[in-house]
Amino acid sequence: MDCSPTFCFPGFGNPFTIFRSRSSRRRRRLHSLGLAAMPEKRPFERLPADVSPINYSLCLKPDLLDFTFEGKLEAAAQVRQATNQIVMNCADIDIITASYVPEGDEEIHATGFNYQNEDEKVTLSFPSTLQPGTGTLKIDFVGELNDKMKGFYRSKYTTPSGEVRYAAVTQFEATDARRAFPCWDEPAIKATFDISLVVPKDRVALSNMNVIDRKPYPDDENVVEVKFARTPVMSTYLVAFVVGEYDFVETRSKDGVCVRVYTPVGKAEQGKFALEVAAKTLPFYKDYFNVPYPLPKIDLIAIADFAAGAMENWGLVTYRETALLIDPKNSCSSSRQWVALVVGHELAHQWFGNLVTMEWWTHLWLNEGFASWIEYLCVDHCFPEYDIWTQFVSADYTRAQELDALDNSHPIEVSVGHPSEVDEIFDAISYSKGASVIRMLHDYIGDKDFKKGMNMYLTKFQQKNAATEDLWECLENASGKPIAAVMNTWTKQMGFPLIYVEAEQVEDDRLLRLSQRKFCASGPYVGEDCPQWMVPITISTSEDPNQAKLKILMDKPEMNVVLKDVKPDQWVKLNLGTVGFYRTQYSSAMLESLLPGIRDLSLPPVDRLGLQNDLFSLARAGIISTVEVLKVMEAFVNEPNYTVWSDLSCNLGILSTLLSHTDFYEEIQEFVKDVFSPIGERLGWDPKPGEGHLDALLRGLVLGKLGKAGHKATLEEARRRFKDHVEGKQILSADLRSPVYLTVLKHGDGTTLDIMLKLHKQADMQEEKNRIERVLGATLSPELIQKVLTFALSEEVRPQDTVSVIGGVAGGSKHGRKAAWKFIKDNWEELYNRYQGGFLISRLIKLSVEGFAVDKMAGEVKAFFESHPAPSAERTIQQCCENILLNAAWLKRDAESIHQYLLQRKASPPTA
C-alpha cells in the first residue's frame, strides 16, 4: 500500500540558547492540554504457535446482489503441540461448521466457536485433544460484502449504458484478510494458497495466480467455478481476489512475464501508459535485485471504490482509478507522473515485502520506506526528463521533516501490538522519512555495495520473514561500514538533528565548527539529555557545487572540520543534494555568502530548494525571523526549476493560511503576486516548442498561484478560457484545467459553482471528477461553502474522495475552515462509520483542523475527540493540536513584523 539584498540574520550567536523560555512555555502548554504523551497501548497477544497453516484451500462464492458470500476453507495444518483448541483471526464472519481431520485418522467436529470480537479472534474448541502432526482444518462460513473498503468488499461502478452495478474486491493490508476467511492473519505466518471463486459466468474473476481451470458450477448454469494455480509461500495480507466487469490490455515483459492492466469496460486504451511503465519496471527490478520476478503473471487493476492509492497484492495489484488510468487527451502531466510512481512503488513490493516480508508490523517502515525510495529510482530510469529526485525532496523529504519535528512524532520503528494501532503508522514517517533515510544510506554506502547487500538480503530471506536488523547485517557485510550503528540512531529514536555551522578562514583553509542538536518545531531543544545521531555529512564549495569536497560521519555532538584549499571568496555548503536527513543553520556570514548562489543559479536546484526550506522551518520554529525568509524568497526571481517553485509555493501557502487569521491577508497575496508574476509572464499560457513535462507542471503551478491570489491579467484570461471550455469552443488542455477551475471558483459566484458541478456530473473520467472535487473548496461565500460540504457526502462523490472535498473547503479560506470543522462534528457518526477507523479518517482530521491558529481551538479539537474516540487517529489528533498551538505561537511572535515588512515593501517596492 498509498521559499534581496544581502543581510544578516539576527540571533545567530549560540543558536541553542535563544528562545529557551518560549520553548519551555510552549511545552508546558502542550502538557496542560495533555498533548505531549500518547495514551497507553491496548493489551494484545499474538496468535498461539501450537497450530499453524501449511496450505489454504479456499473457495468463495460472492453474491453481487445481496452483498454476502459463502466460503469453504480446507487448511492443511501442523499441530506443533497437543491442544484441544485452535485460535485464529476472524472478523465479521459467521462460522457454520468446523472440524479437524488428523492425517490418517477420524474427523473431530468442533463443539464451540468463541468469538473475541474486540481482538478479532475466534477459538474453535474440540471435544478431544489434537495430537502433534499434520491434518486438515475444515470450516464452512458466511460473510458480508461490506461497503467499508476493507476485507472482501463491494465496489460500485456504472456500466457504459448507465446501470449501477457492484464488483467484489479485496483490501487485506494490514489486518483484514480475517474479514474474508478465518485465517492466521499475521505476516510471519506464511502458507501457500489454492483459491477458487464461484462467480457469474459473464464476470471476470482474478486472483494472485493464473487461472488453471474454469468449469460450469453444478447447481446453476449462469455460474462458473474458476480455479487458480497454487501461490508461493506468502502472507495473508497479500492475498487478493476480484470479481467484476473489466477490459484489459496486455504485453510480455522482456523476461517473459505476462503483464495485464485491467480497466473499466470501454477504457482499455487508458491502461496503456501503466502497461508500458510496468513492462519496463519488472526487468529494471530484476536487474537491480538480481532476483527474478517469481510469478508467471502480474495484473494491475483499477478499482472504483478504493481507500489507499494502491495495494501490492502479489501478482494482482489493485489501484484507485486515478493511480492507474491515463487518457492521452484528458490526463495532465502530474497524473502521468503519479501513475508512474505508484506503479514503481507497488511493483517494488513484489520483491521487497512480498518475496521477503516483515516479521511484524513494527517493521512496516522497511516495506514502505524502501518502496517509497526505489519508486523514484525506477521512474528516474524510465523517465529521466522528470528530474524526479529533485521532486523527491519536495514531496517526501521535507514533508517527513515537518511531521518529525513535532513532539508527537514517532520513531520510524514503532512497537505495534493491537490491530487498531497498525493503521496509525501508515504515515509520512513510515513512508517518507523511511524513504529519506534509505536514500541517505544508499548515498553513504554507494550504489554498488547497496545492490550487493540487497541481493544478499533477498536471497537469504526469500519466502521468509525478516526484521530491520537483518537488512542492516546484509548491507554491513556488503559495504564494511557500521550500518547498524548509524541507522539505529535514525530508526529507533524519533526526530532528526539541526546542524549548526560556522566557519573561519585559516590561511588557505576553511575551519568549520559543527554542532548537532535535535530540531524541534517549537524552537531549540531544551531537554537535559539531547538525542544524538550518527550523521553522514557532505560538504561542497563554489569551486564545484555538484561535487562533495569532503564526506564525514558526524558521530559526536560537536566536531571541527578543516577544508583544505578554500579561498576566502568561496562559499561552503553542507548537505550536497539535500540527501542527509537533517536541517542546517548557518552563521550569518556563511548564509550571506550562499545567497547570491540562489540569484545566479550557481547553487544546484536541489540545494537552492533545501536552503530555502531549512530557513522557512527555522522561522516557523522561532529560531530566525519570518521576515528574513520573505527576503530570501524574493531572491528566487530568476528561478527556472519547477520543484524549487513547488516548494516555495507550498511554504507561501502555509504562510498565507497562517495570515488568514489576521486583517492583512490581502498584503501577503500582493507578495505572492510579486514573487510569481515574473515567472508567470515568462511562461505564458500556452506551451512553446521544445517544452517538456516539467514546463507543463510549472505553468500549472504558477498560473494557479497567481489566479488564486487574484492577479488581474491571470484572472481575466482564466475566465475567458473557462467560458470557451464550457461552451465547447476551445477545450482546456488537461494541464491548465486545475489552475483555471481554481481561479474562476475562487473569484466566482453561485453560477460558477453550478457550472463546475455540472462539469463534474458530465465527466466520464475519475481524474477529471477528482480535479474538480479538489478545487470546489476555493469558493468563498458561506452559502456556497455549505453547498460544497453537502455535495461531499452525496452519491455524486465516491466515498474515498469525500475527504479531499472537505479538506479543500478547510484549506480554501478562514470561513471554509470553520465551516468544515462544524460539518465534521455535525456528521461525525456518518463519516466515522464510512471509514471505520482506517487511515482516511486520520487524513480527514488532519486536512480539516491543522490550519487553525488559536490556542483555544486545540482544546476544542481535543475535547471533541475525547467524547468521540477515533483510536486509529489518536496520534494524528495529537499532532494536529500541537500544530494549532505552534501556529498560534508563530502568529503571536511574527505577525506584526511581517505586517510592517509588507507595508514597507508597498511603500518602496524592491527592484528585481
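The chain is numbered in sequence order, starting from 1.
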Over all atoms of both residues, closest heavy-atom pair of A77 and V51: CB-CG1, 4.2 Å
Nearest heavy-atom neighbours spanning M149 and P799: CE-CB, 3.9 Å
Distance, nearest 0.5 Å, that separates OG1 of T170 from CZ of R179: 13.5 Å
Atom of R178, atom of D119 and distance for their closest heavy-atom approach: NH1-O, 4.4 Å
Lys/Arg N to Asp/Glu carboxylate O, R46 vs E359, below 4.0 Å: yes
CA sep, side-chain torsions, deciding dist, call: T159, E245, side-chain hydrogen bond (donor to acceptor under 3.5 Å, both in side chains): CA-CA 9 Å; T159 66; E245 295 176 280; over 6 Å; no
Side-chain donor-acceptor pair present, H410, D427, cut-off under 3.5 Å: yes
Contacts under 3.5 angstrom, residues 257-265 side chains, donor-acceptor by atom type, not counting sequence neighbours:
{"from": "R260", "atom 1": "NE", "to": "E250", "atom 2": "OE1", "distance (Å)": "3.1"}
{"from": "R260", "atom 1": "NH1", "to": "Y262", "atom 2": "OH", "distance (Å)": "2.9"}
{"from": "T263", "atom 1": "OG1", "to": "K267", "atom 2": "O", "distance (Å)": "3.3"}
{"from": "T263", "atom 1": "OG1", "to": "A268", "atom 2": "N", "distance (Å)": "3.2"}

Ring-face cation contact, F306 with R320, 6.0 Å cut, 45° max: no
F193, Y153, F241, W314 screened by ring-ring contact (aromatic ring centres under 6.0 Å, His included) with F172, the one that passes: F241
For Y100 against L130, the heavy-atom pair lying closest together: CD2-CD2, 3.7 Å
Distance-only donor-acceptor check, side chains N55 and T192, under 3.5 Å: yes
